[in-house]
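These notes are about the structure you will find just below.
Letters A, B, ... mirror the listed sequences (proteins, then strands); counts begin at 1. Remember, predicted model here, so these are calculated numbers, not experimental data.
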Number of protein chains: 2
Amino acid sequence: MARKPLTNPRKQASQARSRVTVDALVDATARILVRDGYDKASTNRIADMAGVSIGSLYQYYPSKEALVAAVIDRHNRQIMRRVRTVLTEIASLPIERAVRRLVAFAIEAHRIDPRLHRVLAEQIPRVGRLENVEALNREGYALFRDYLESRRDELRVRDLDLAAFVCATSIEALTHSAVLYHTEMLRDAEALIEETTRFISGYLQPTSV
Amino acid sequence: MARKPLTNPRKQASQARSRVTVDALVDATARILVRDGYDKASTNRIADMAGVSIGSLYQYYPSKEALVAAVIDRHNRQIMRRVRTVLTEIASLPIERAVRRLVAFAIEAHRIDPRLHRVLAEQIPRVGRLENVEALNREGYALFRDYLESRRDELRVRDLDLAAFVCATSIEALTHSAVLYHTEMLRDAEALIEETTRFISGYLQPTSV
DNA sequence: GTGGAAGGCGAGCTATCGCTCATACCCTAT
DNA sequence: ATAGGGTATGAGCGATAGCTCGCCTTCCAC
């Protein structure tokens, strides 16, 4: 079951001029994915929108999948940078406040570019970037697990790995679903944040109320 | 923003012979989606696998998307039938037992054909079946909400709609993720069910412990 | 038993896809 | 100022996609 299509860049751009080209290509790929979807995102069209010839495209990326992978990787790097920042910020906060901050962050993050987020979420599996994404997910769990570890004696949960999985997966699903499919909920985002916080911290803490 | 590609069947099969043909087409589409993915699922290939000519394929479905939509609709009907059954079964159960049953069911349901479930989940948006799926989701929420309503005085949650959304989304996300991306968790499925049940019913009930 | 509708067939059309390659321009180190 | 690698170009190739259309077969009401 050998994976044929190479999804890694072909060569590094070394001069400033070509770095512009590469950026334009990745940007154009993202824009077309959002505007037209994966099927309509042909390499010719991407090159066109980037204002670059098809030949140049293939200088840097061996396939359409490689371009999509580049968009995914870039997006994930941005998200993970934010995630790390937030998790550092909450390190010293008590559980409920920490959870509230995390939930608010998750909503913000989904709101940045919901349509790109959605298209990428859909395309990740077929571009073989699942492993990378899973790796980042696991990093996220691990970071949150560390936080839980530091508050262990305030928790009622036993298995911290499991708890981190439960919390992270739920927060992501709830915010994802609310932002993408139930936008009416965001009219009162406070209520959503409040309820989710109660949900999660009620699970973690012995009995808050 | 008119949707061009028609995704509805072209005509109803009236004779037994043609119903067989239509079934074969939908089956073949599902099998090819699972085996080769959406990109490789050409109409020629589908007709081939169904043992039917492309001409016949286009008698009943105007496009590849329509076929995928047919698979999605059929799959969703099956799932929803089960969901309704389970929600009827749990109607008389106390909260914790009801939630446990629901969680166990969700895992079962995801395990039936995980790969088909996954491919369909990925393809739903591009086939414009989102509305249908959302409608079914909402039916699911509503049914669960009815259950909550019947146990209102045992609950500590105020907004039942919100609570139903929170519970349903979380259960689906946790079981989905566990079955598709963290299969190692299923080695001890009991633990997962137990924890999720604690998670959800702890949120719903005043203070169980 | 026959005529018309329902069903089935598949060669082949057009469009577009991903991608290559021969050619030419730009930049920088010497 | 020039050599030579880095960069950019786009016509066009072979493959395959979705899909049509003219024709044949099967079914069924009468």
*Are B/R100 and B/E96 within salt-bridge range, i.e. N to O under 4.0 Å?*
yes
*Any Lys/Arg nitrogen of B/E195 or A/R158 sitting under 4.0 Å from an Asp/Glu carboxylate oxygen of the other?*
no
*Between B/R74 and B/D27, is the closest basic N to carboxylate O distance under 4.0 Å?*
yes
*How would nucleotides 25-30 of chain C be written as a contact map, 5' to 3', with B for base contact, S for sugar-phosphate-only contact and - for no contact, using protein heavy atoms under 4.0 Å?*
-SS---
*Name the first nucleotide and the last nucleotide along DNA chain D (5' to 3') that come under 4.0 Å of a heavy atom in chain A.*
D/dG6 to D/dA11
_Nucleic acid contacts of residues 35-60 of chain B, taken as heavy-atom distances under 4.0 Å to DNA chain C_ = B/V52, B/S53, B/I54, B/G55, B/S56, B/Q59, B/Y60
*How long is the line joining CD of B/Q12 and P of C/dA6, in whole Å?*
13 Å
*Give, for atom CG of A/L148 and atom CD1 of A/I95, the distance between the pair rounded to the nearest 0.5 Å.*
7.5 Å
_Give the residues of residues 18-26 of chain B touching DNA chain C, defined as any heavy atom closer than 4.0 Å, sorted by residue number._
B/S18, B/T21
*asked:* In this structure, how many angstroms lie between the P atom of C/dG7 and the OH atom of B/Y61, rounded?
replied: 13 Å
*asked:* According to side chain to side chain donor-acceptor pair (under 3.5 Å), who are the partners of B/N44, at least two apart in sequence or on a separate chain?
replied: none
*Listed once per pair and sorted, the side-chain hydrogen bond (donor to acceptor under 3.5 Å, both in side chains) pairs that draw on residues 182-192 of chain A, sequence neighbours left out*: A/H182-B/E134
_Please determine whether a side-chain nitrogen of the Lys or Arg among A/E149 and A/R152 lies less than 4.0 Å from a carboxylate oxygen of the Asp or Glu._
yes
